Enquirer: 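I'd like to ask some things about the structure below.
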Amino acid sequence: MPRLTSRHGTSPFIWCAAIICAIISIVVIVGGIIVFVGYLVIHPRVPIISVADAHLDFLKYDIVGVLQTQLTIVIRVENDNAKAHALFDETEFKLSYEGKPIAILKAPEFEVVKEKSMFLPYLVQSYPIPLNPTMMQAVDYAVKKDVITFELKGGSRTRWRVGPLGSVKFECNLSCALRFRPSDHSYIPSPCTSAHKH
């Protein structure tokens, strides 16, 4: 008695799905190669953010324990890449004194062309800041030593295109102390940069 056998061919739907997956894989691989080659060609360098200059425009402190100040802070942004413009976004810095927030410095999205730099000037005016006894002692000590220190922390997200399918992203961060002389309101220069220290 003959045996009955059945042969089931592969469904066209499965073939279509396999072809689509293969095409997607090829596109991803080719895209990765393009990004990698673009990275090798452009060889992007991380942009640098630093404090170029600053000035203590105004400082008032009374016996009640209220501090008022105004500062000018100039941030320098450098793009040392020879083949790519750098885009900066979410740029924000926080200025504080003895841990007490004074102001938040922001900038809208901006671009720095290749091998160029630009400056971001900030005029920081604080509201009257009530000080606790510890902070009052810190101000007294700073005035006697003729050196008052503010903290500046923050940074920016940077990116630039590498080929037609991708981009390279980095974060530039600052965390430094800005020192001034209350007697003449001058800035005491000190290293304040996002560049990695080796």
Side-chain angles (χ1 to χ4, degrees), residues 44-61 66-131 135 138-139 141-161 167-198:
R45 301 173 63 182
V46 181
I48 298 174
I49 296 177
S50 60
V51 173
D53 195 14
H55 188 263
L56 182 62
D57 303 328
F58 175 76
L59 180 67
K60 181 180 179 182
Y61 168 65
V66 177
L67 176 69
Q68 288 181 271
T69 185
Q70 176 178 303
L71 299 91
T72 298
I73 301 174
V74 181
I75 303 293
R76 182 179 183 183
V77 184
E78 302 175 66
N79 178 21
D80 291 334
N81 291 285
K83 300 179 180 179
H85 301 332
L87 189 67
F88 292 78
D89 191 17
E90 298 183 26
T91 303
E92 180 177 298
F93 305 95
K94 295 180 180 179
L95 183 70
S96 60
Y97 177 72
E98 292 291 321
K100 185 83 170 180
I102 294 178
I104 297 179
L105 291 59
K106 294 185 177 183
E109 183 178 275
F110 62 92
E111 185 179 64
V112 179
V113 300
K114 54 188 178 183
E115 295 187 308
K116 295 292 182 180
S117 62
M118 68 177 296
F119 295 91
L120 304 176
Y122 292 97
L123 179 62
V124 184
Q125 294 177 308
S126 73
Y127 291 102
I129 304 170
L131 306 178
M135 296 175 68
V139 174
Y141 183 78
V143 172
K144 290 177 181 178
K145 293 294 182 180
D146 198 24
V147 177
I148 187 167
T149 303
F150 296 87
E151 297 85 33
L152 182 69
K153 294 183 179 181
S156 180
R157 296 180 183 273
T158 65
R159 68 181 185 274
W160 54 90
R161 301 289 301 178
S167 62
V168 178
K169 299 180 181 179
F170 288 101
E171 287 192 8
C172 300
N173 296 306
L174 282 181
S175 180
C176 51
L178 303 180
R179 300 185 301 157
F180 301 88
R181 296 198 182 279
S183 60
D184 60 5
H185 304 275
S186 63
Y187 171 58
I188 304 174
S190 60
C192 181
T193 176
S194 64
H196 296 290
K197 300 176 179 60
H198 302 285

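Just so it is clear, the model here is predicted, and its values are computed rather than measured. One-based numbering along the sequence shown.
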Enquirer: With rounding to the nearest 0.5 angstrom, report the OG to CG distance, S190 to L178.
Expert: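 If I round to the nearest 0.5 Å, the distance is 7.0 Å.
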Enquirer: Output every pair passing ring pair (Phe, Tyr, Trp, His ring centres under 6.0 Å) with a member in residues 106-130, not counting sequence neighbours, ordered by first then second residue.
Expert: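 Ring pair (Phe, Tyr, Trp, His ring centres under 6.0 Å) check on residues 106-130 returns F88-F110.
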Enquirer: Considering residues at least two apart in sequence or located in another chain, which fulfil the salt bridge (Lys or Arg N to Asp or Glu O under 4.0 Å) criterion with E115?
Expert: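 For E115, no residue satisfies salt bridge (Lys or Arg N to Asp or Glu O under 4.0 Å) once neighbours in sequence are set aside.
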Enquirer: Give, for atom CG of L174 and atom OG1 of T193, the distance between the pair rounded to the nearest 0.5 Å.
Expert: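 Here the rounded value is 7.0 Å.
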Enquirer: Looking at every heavy atom in both R76 and A52, which two are closest together, and how far apart are they?
Expert: CB-CB, 3.9 Å
Enquirer: Please identify each residue that fulfils ring pair (Phe, Tyr, Trp, His ring centres under 6.0 Å) with Y187, with sequence neighbours left out.
Expert: F180
Enquirer: Run the ring pair (Phe, Tyr, Trp, His ring centres under 6.0 Å) test against F58 and tell me which residues pass, sequence neighbours left out.
Expert: none
Enquirer: Applying side-chain hydrogen bond (donor to acceptor under 3.5 Å, both in side chains), can you list everything that pairs with T69, at least two apart in sequence or on another chain?
Expert: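 side-chain hydrogen bond (donor to acceptor under 3.5 Å, both in side chains) check on T69 returns nothing, list empty.
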Enquirer: What residues form a disulfide bond (SG atoms under 2.5 Å apart) with C172, not counting sequence neighbours?
Expert: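 Here no residue qualifies.
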Enquirer: Just verifying a value: how many Å separate L95 CG and L71 CG, rounded to the nearest 0.5 Å?
Expert: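 Interatomic distance, L95 CG to L71 CG, rounded to 0.5 Å: 6.0 Å.
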Enquirer: Just how far is it from atom CG of L67 to atom CE of M135, taken to the nearest 0.5 Å?
Expert: 7.5 Å
Enquirer: Tell me every residue that passes side-chain hydrogen bond (donor to acceptor under 3.5 Å, both in side chains) with E151, counting only those two or more places apart in sequence or in another chain.
Expert: S96
Enquirer: With a 3.5 Å distance limit and no angle check, can you tell me whether S194 reaches the backbone of I49 through a side-chain donor-acceptor pair?
Expert: yes
Enquirer: What residues form a salt bridge (Lys or Arg N to Asp or Glu O under 4.0 Å) with R157, not counting sequence neighbours?
Expert: E90, E171
Enquirer: Begin from the C-alpha positions of I129 and Y97 and carry the test side chain to side chain contact (heavy atoms under 4.5 Å, CB included) through to its verdict.
Expert: CA-CA 10 Å; I129 304 170; Y97 177 72; over 6 Å; no
Enquirer: Please name the pair of heavy atoms, one in S156 and one in D89, separated by the smallest distance, quoted to 0.1 Å.
Expert: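 That closest heavy-atom pairing would be OG-O, 3.2 Å.
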Enquirer: A side-chain contact here means heavy atoms from C-beta on lying under 4.5 Å apart; do R181 and V147 qualify?
Expert: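 Yes - at least one pair of side-chain heavy atoms lies under 4.5 Å apart.
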Enquirer: Identify, with sequence neighbours excluded, every residue that meets salt bridge (Lys or Arg N to Asp or Glu O under 4.0 Å) alongside K106.
Expert: E92
Enquirer: For H185, check side-chain hydrogen bond (donor to acceptor under 3.5 Å, both in side chains) against everything at least two apart and list the hits.
Expert: none
Enquirer: How close do S175 and K153 get, counting heavy atoms only, and between which atoms?
Expert: OG-CE, 3.5 Å
Enquirer: For E111, check salt bridge (Lys or Arg N to Asp or Glu O under 4.0 Å) against everything at least two apart and list the hits.
Expert: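 By the salt bridge (Lys or Arg N to Asp or Glu O under 4.0 Å) rule, E111 matches no residue at all.
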Enquirer: With the side chain counted from C-beta on, respond yes when I75 and L152 share a heavy-atom pair under 4.5 Å apart, and no when they do not.
Expert: yes
Enquirer: Check side-chain hydrogen bond (donor to acceptor under 3.5 Å, both in side chains) between N173 and all other residues, then give those that pass, not counting sequence neighbours.
Expert: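 Testing N173 for side-chain hydrogen bond (donor to acceptor under 3.5 Å, both in side chains), a comparison that skips the adjacent residues, returns none.
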Enquirer: What's the separation between atom CD1 in I148 and atom CG in L59, rounded to the nearest 0.5 Å?
Expert: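 Spacing of CD1 (I148) from CG (L59) equals 5.0 Å.
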Enquirer: Checking H85 side chain against K114 main chain: does a donor-acceptor pair fall under 3.5 Å?
Expert: yes
Enquirer: Enter the distance from S183:OG to D146:CG here, rounded to the nearest 0.5 Å.
Expert: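 One finds 3.5 Å between OG of S183 and CG of D146.
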Enquirer: How far apart are the closest heavy atoms of N79 and V113, and which atoms are they?
Expert: ND2-O, 3.3 Å
Enquirer: When you measure from the side chain of D53 to the backbone of V74, do you find a donor-acceptor pair of N or O atoms at a distance under 3.5 Å?
Expert: no
Enquirer: Just so I know, are the side chains of S186 and L56 near enough to count as touching, which here means a heavy-atom distance under 4.5 Å?
Expert: no
Enquirer: Please give me the minimum heavy-atom distance between D57 and T72, naming the atom from each residue.
Expert: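 So the minimum-distance heavy-atom pair works out to OD2-OG1, 2.6 Å.
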